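Keep in mind the model is a prediction, meaning the values are calculated, not measured.
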Amino acid sequence: MTTYKKDVQNNECPYCKGDGYFQLRLGGSETCACCSGSGRK
């Protein structure tokens with residue numbers, strides 16, 4: 001049996017998970033301050 005090591009690069013922002021914004025509970029959304037809305041690290 002051959003195993004391969006899979007290297008996955010995750011370039012998504014760890015705080016907003018790549019969305020670039022947070023959905024607020026009371027309505028509306030807020031731009032992620034960590035990635036400035038880009039969704040990337």
Side-chain angles (χ1 to χ4, degrees):
M1 180 175 176
T2 304
T3 59
Y4 296 97
K5 183 177 180 182
K6 187 174 183 180
D7 186 23
V8 177
Q9 292 185 358
N10 187 1
N11 290 328
E12 293 180 348
C13 176
Y15 297 102
C16 64
K17 298 178 182 174
D19 290 335
Y21 62 89
F22 295 104
Q23 192 69 36
L24 302 177
R25 287 185 177 248
L26 297 177
S29 61
E30 182 175 340
T31 302
C32 178
C34 181
C35 65
S36 300
S38 68
R40 298 183 194 145
K41 286 184 182 176

### Task
Assess whether side chain to side chain contact (heavy atoms under 4.5 Å, CB included) is satisfied between Cys16 and Phe22, documenting all intermediate values.
CA-CA 6 Å; Cys16 64; Phe22 295 104; 4.2 Å; yes

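Between Glu12 and Lys41, the shortest heavy-atom contact is O-CG, 3.5 Å. Looking at every heavy atom in both residues, Gln23 comes nearest to Gly28 through NE2-O, 3.0 Å. For Cys35 against Arg40, the heavy-atom pair with the smallest separation is CB-O, 3.2 Å.
Distance OH/Tyr21 to SG/Cys32: 12.0 Å, rounded to 0.5 Å. Between Asn11 atom CG and Ser38 atom OG the span is 10.5 Å, to the nearest 0.5 Å.
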